[in-house]
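What follows is a set of notes on a single structure, which appears directly below.
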Amino acid sequence: MEQSRTRTPQNGQRARTSAPGPSRAPLGVPAGPAATGESAAVYRAAGRTRRVPPIVLALRRLPSPRLTGLGGGLFAAALMFALGTLDWLLFDGSPAVYGVLFLPVCAVTALWVRPADLVTAPICVPIAFAVGIVPVAGGTGGFGGQAMAVVTALALHAGWLYAGTLVAGVIATVRKVRLMGRRRGPGKAGKAAGPGAKAGGTGVKAGGTGVKAGGPGKAGVRR
């Protein structure tokens, strides 16, 4: 009878210890409706896509070579000399036609220069303008007369020169800013993910400590 009395509390205690209780999530891990809401918000953010304009899609389909600073300068100078010659042959050296053609050349040069040489884009386009205006200037009287005609043409049509240089500078600046933003993006993402990973690891360690602490209690019950 004494043995049965002493064993009865042990059986009751085993029943209480083995009864299932509400499971607790480890520290740092969201549980319940909050976790569901966060996951739904993540899915909504991932599902949102930006509509790309048709003009941007058309520009992306164009060839995108990467020219060095010297290559960009030679490309712009050769193209402007060819356009200036065509202007002299077809339009009798019209400065307005030459200036209009100079603007897209500046834009293309700034777009095709490689990221490491973006600074050279606003520098090489004025040189290309001076090279290409030689056929348009129409000087006579040898080298001296031709040089004076080029200087006069540059002074009279400096507005086109400044406009093209401004276009190249704006495009190069925008490309540089976007490049810097892309380089900073992965660094910020890694720093933001670091504290979360540490918090999750702490929660797992805390859960493991709780399991170890519960071990001796079970051993005592069995005894």
Side-chain angles (χ1 to χ4, degrees), residues 48-187:
R48 296 176 183 174
T49 56
R50 295 182 179 179
R51 294 182 180 180
V52 182
I55 300 177
V56 178
L57 293 177
L59 292 176
R60 289 179 180 177
R61 294 174 185 174
L62 295 175
S64 180
R66 287 293 174 260
L67 302 175
T68 60
L70 179 59
L74 293 176
F75 166 77
L79 187 57
M80 288 308 303
F81 186 80
L83 292 176
T85 304
L86 290 176
D87 182 21
W88 174 64
L89 294 175
L90 299 177
F91 302 99
D92 197 17
S94 174
V97 175
Y98 180 79
V100 171
L101 294 175
F102 176 64
L103 298 181
V105 172
C106 295
V108 171
T109 304
L111 287 173
W112 285 359
V113 173
R114 65 181 184 178
D117 297 330
L118 285 174
V119 184
T120 61
I123 300 174
C124 64
V125 289
I127 301 175
F129 185 87
V131 172
I133 208 171
V134 173
V136 181
T140 57
F143 178 78
Q146 189 70 31
M148 289 299 297
V150 170
V151 173
T152 304
L154 290 175
L156 293 176
H157 310 296
W160 294 108
L161 176 62
Y162 294 150
T165 306
L166 180 63
V167 169
V170 170
I171 294 176
T173 303
V174 171
R175 288 186 60 192
K176 187 65 175 179
V177 171
R178 292 184 62 184
L179 182 63
M180 293 173 62
R182 290 176 182 176
R183 289 179 179 177
R184 292 178 181 178

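These numbers come from a predicted model, not from an experiment.
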Distance-only donor-acceptor pairs under 3.5 Å for side chains of residues 143-155, two or more places apart:
from	atom 1	to	atom 2	distance (Å)
Q146	NE2	V134	O	3.2
T152	OG1	M148	O	2.8

* Minimum side-chain heavy-atom gap L70-L74 below 4.5 Å -> yes
* Any side-chain heavy atom of I133 within less than 4.5 Å of one from V136? -> yes
* Structure fact -> Residues at least two apart in sequence or cross-chain that pass side-chain hydrogen bond (donor to acceptor under 3.5 Å, both in side chains) with R175, listed by chain then number, are none
* **Residue list, ring pair (Phe, Tyr, Trp, His ring centres under 6.0 Å) with F102, at least two apart or on another chain** => F129
* Structure fact -> Separation between CG (L156) and CG (L161), nearest 0.5 Å, reads 12.5 Å
* Asked: Can you tell me how far the SG atom of C124 sits from the CE atom of M80, to the nearest 0.5 Å?
  -> 12.0 Å
* **Residue list, side chain to side chain contact (heavy atoms under 4.5 Å, CB included) with L179, at least two apart or on another chain** => P115, R183
* To do: Tell me, please, which residues at least two apart from V174 pass side chain to side chain contact (heavy atoms under 4.5 Å, CB included).
  => V170, R178
Which heavy atom in [X] sits nearest to a heavy atom in [Y], and how many Å separate them?
X	Y	answer
P122	G169	CG-CA, 3.7 Å
A76	T109	CB-OG1, 3.7 Å
P126	T165	CG-OG1, 3.5 Å
A121	A110	CB-CA, 4.0 Å

* To do: Kindly say whether the aromatic ring centers of Y98 and W160 come within a distance under 6.0 Å.
  => no
Which atom pairs, one a donor and one an acceptor, fall under 3.5 Å between side chains of residues 81-94 and the rest of the protein, sequence neighbours left out?
from	atom 1	to	atom 2	distance (Å)
T85	OG1	F81	O	2.8
D87	OD1	S94	N	3.2
D87	OD2	S94	N	3.3

* Where at least one partner belongs to residues 124-143, residue pairs that pass salt bridge (charged side-chain N to carboxylate O under 4.0 Å, His left out), sequence neighbours excluded -> none
* Asked: Can you list every side-chain hydrogen bond (donor to acceptor under 3.5 Å, both in side chains) pair that touches residues 116-126, not counting sequence neighbours?
  -> R114-D117
* Mind running side chain to side chain contact (heavy atoms under 4.5 Å, CB included) on V105 and L101 for me, showing each step along the way? => CA-CA 7 Å; V105 172; L101 294 175; 5.7 Å; no
